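What's counted below: heavy atoms across the whole structure, side chains too, no hydrogens, waters or symmetry copies. Fair warning: this is a prediction, and the values are worked out from it, not measured in the lab.
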2 protein chains.
Amino acid sequence: MAQQPDTVTRILDTAEVLFAERGFAETSLRNITSKAKVNLAAVNYHFGSKKALIQAVFARYLDPFTERFHTALDELEARHAGGVIPLEELLETMARCVLEVPAERNSLKVFMRLLGLAYSQAQGHLRRYIQEEYGSAFTRFTELVRLATPELPDAERFWRLHFMLGTVIFTLSGLDALRDIAEQDYGEHVGVRDLVRRLRPVVVAAMNAPLPESLPSQREAG
Amino acid sequence: MAQQPDTVTRILDTAEVLFAERGFAETSLRNITSKAKVNLAAVNYHFGSKKALIQAVFARYLDPFTERFHTALDELEARHAGGVIPLEELLETMARCVLEVPAERNSLKVFMRLLGLAYSQAQGHLRRYIQEEYGSAFTRFTELVRLATPELPDAERFWRLHFMLGTVIFTLSGLDALRDIAEQDYGEHVGVRDLVRRLRPVVVAAMNAPLPESLPSQREAG
DNA sequence: GTGACATTCAAACAATTGTTTCCAATCACG
DNA sequence: CGTGATTGGAAACAATTGTTTGAATGTCAC
């Protein structure tokens, strides 16, 4: 569909930054094309529509990520041949993959911000697109987590995984603002890897937290 | 400013639901006014602008919340006269206030979704407005948390509080989608209060997690 | 009733949106 | 070189946006 990588890439590079900064609806095609120094019609020509451009921006991150993630999980499973993979290693692997993919363009911040938007934006099509296109990787991961935390009821594990997903996406997507506050209040320069190091024990402790009192599904019926 | 509560209230009621469903930019004034069965110009007449309407929607939640929250903290401080308030009680108090405010209109979901949007939407004016208007309540809360967790370095506590803020906002603001998945996968109907009960041990465990290895600006023996 | 005020209403406003059109430039290839 | 398809660009498109206008309507004091 696109033979000229120059224009296409320039559009994608500019679009992802603007989307991350201002959201999808708040970023017009004219904003993108003028900053990217390409013609307005180029977007519709190369991508078909704004919606398709948004999905292409995501695909450029998620395609390499899921591929890398799957091979990393393959290696992990091979190393523990048949055995249970400890939760820490699973989390570590996912963190590594998330960090490696945008490292090439030094744009982890953008990547995370986009993920945050995808979840919050209530844009039906985006959530559906991501779910359908990349849901399998998440499903595989949760199944491995299930094996690593057999003592957790399925529903509890489901919710805790999403709790932690919220922690990571919220923190990393709002990183710039939070970093400013942290820096001026505690005089500490915070890099992304510092944050990940801080996140690890918190996430592990959260996943291993004691079960809540009186599970609902057992006795009460509304 | 508004003597006729009928129109103003109808606008606010409709606007908050539509904003929560579709975001701010994706919700037009014509969407709101037509569904609310009021004239288009009524919004600009009563509120001045769309931005002011958005802030009014937030104020209707946050004003009662902060008031209730401050008096709840007053009571808590009085009961522990001078002593340290345990972390669990602080979290419990905050959770209670968050739950009580929208309970009158049965709209916790809307409230949380709005909070999530406020953080993600990158709408500069909204974050600034909330920070300036209601930041004091959060500051007071964090100071009490500091007293309750003296073993935590300041920076670490700062980050963990925001980790947990992310957990709560992310989960509760995306509640509908997650609930659908949980319901069809685990056949479990999940109410908001179930979620809060699930959140409690996770948040406590996360705040009490061991410190990460090798803090950057601090020495830790062992 | 009359006047003064606040509110509602239909219409138009100017600006911006995503998308399309049409023509010139470019390129591959015989 | 010449031909034909592909890609670039300026302008126009139709639709929608937030906002404003000015007249009509309502409400209450006198």
Side-chain angles (χ1 to χ4, degrees), chain A residues 1-59 114 117-118 121-126 128-129, chain B residues 1-59 114 117-118 121-126 128-129:
Chain A
M1 156 186 325
Q3 282 295 46
Q4 201 87 340
D6 210 16
T7 300
V8 171
T9 305
R10 221 156 50 205
I11 291 176
L12 286 174
D13 286 345
T14 312
E16 71 175 24
V17 171
L18 291 180
F19 284 156
E21 279 177 2
R22 304 133 79 142
F24 303 115
E26 291 86 349
T27 303
S28 69
L29 292 185
R30 285 171 178 80
N31 261 328
I32 297 171
T33 55
S34 71
K35 187 169 183 187
K37 296 197 192 310
V38 304
N39 190 269
L40 170 63
V43 170
N44 284 281
Y45 175 75
H46 286 290
F47 298 95
S49 71
K50 186 181 183 181
K51 232 159 74 172
L53 170 64
I54 295 177
Q55 295 184 352
V57 167
F58 274 87
L114 289 176
L117 283 178
Q121 195 81 1
Q123 288 248 47
H125 77 94
L126 234 189
R128 246 176 291 126
Y129 168 76
Chain B
M1 153 188 329
Q3 282 294 44
Q4 200 86 342
D6 212 12
T7 300
V8 171
T9 305
R10 219 155 52 204
I11 291 176
L12 285 174
D13 286 344
T14 312
E16 70 175 24
V17 172
L18 291 181
F19 284 155
E21 279 177 0
R22 303 134 77 142
F24 304 116
E26 292 86 349
T27 303
S28 69
L29 292 185
R30 286 171 178 80
N31 260 329
I32 298 171
T33 54
S34 70
K35 188 169 182 186
K37 293 195 194 313
V38 303
N39 190 271
L40 170 63
V43 170
N44 284 282
Y45 176 76
H46 286 288
F47 298 94
S49 70
K50 185 182 183 181
K51 234 159 71 173
L53 169 63
I54 295 176
Q55 296 184 352
V57 166
F58 274 85
L114 290 176
L117 283 178
Q121 195 82 0
Q123 289 248 43
H125 78 95
L126 232 189
R128 247 176 291 126
Y129 168 77

Show the nearest heavy-atom pair for residues A:Phe47 and A:Ala52, with the distance to one decimal. O-CB, 3.1 Å
Looking at every non-hydrogen atom in both residues, tell me the closest pair between A:Phe58 and A:Leu114 and how far apart they are. CZ-O, 3.3 Å
Closer than 4.0 Å, any side-chain N/O of A:Thr7 to the OP1 or OP2 of D:dG8? yes
Would you say D:dG8 has OP1 or OP2 under 4.0 Å from some side-chain N or O of A:His46? yes
Which residues satisfy the side-chain contact (heavy atoms from CB on, under 4.5 Å) test with [X], sequence neighbours excluded?
| X | answer |
| --- | --- |
| B:Leu29 | B:Ile32, B:Leu40, B:Val43, B:Asn44, B:Lys50, B:Leu53 |
| A:Ser34 | none |
| B:Ala42 | B:Thr7, B:Ile11, B:Val38, B:His46 |
| A:Asn31 | A:Leu18, A:Arg22, A:Thr27, A:Ser28 |

Measure from [atom1] on [X] to [atom2] on [N] and round the result to the nearest Å.
| X | N | atom1 | atom2 | result |
| --- | --- | --- | --- | --- |
| A:Ile11 | D:dT7 | CD1 | P | 13 Å |
| A:Lys37 | D:dG8 | NZ | P | 17 Å |
| B:Asp6 | D:dT27 | CG | P | 12 Å |

Can you check nucleotides 18-24 of chain D for protein contacts, nitrogen or oxygen pairs under 3.5 Å, and list what you find?
unit_1	atom_1	unit_2	atom_2	d
D:dG18	OP1	B:Lys50	NZ	2.7
D:dG18	OP2	B:Leu29	N	2.9
D:dG18	N7	B:Arg30	NH1	2.8
D:dG18	O6	B:Arg30	NH2	2.7
D:dT19	OP2	B:Asn44	OD1	3.3
D:dT19	OP2	B:Lys50	N	2.9

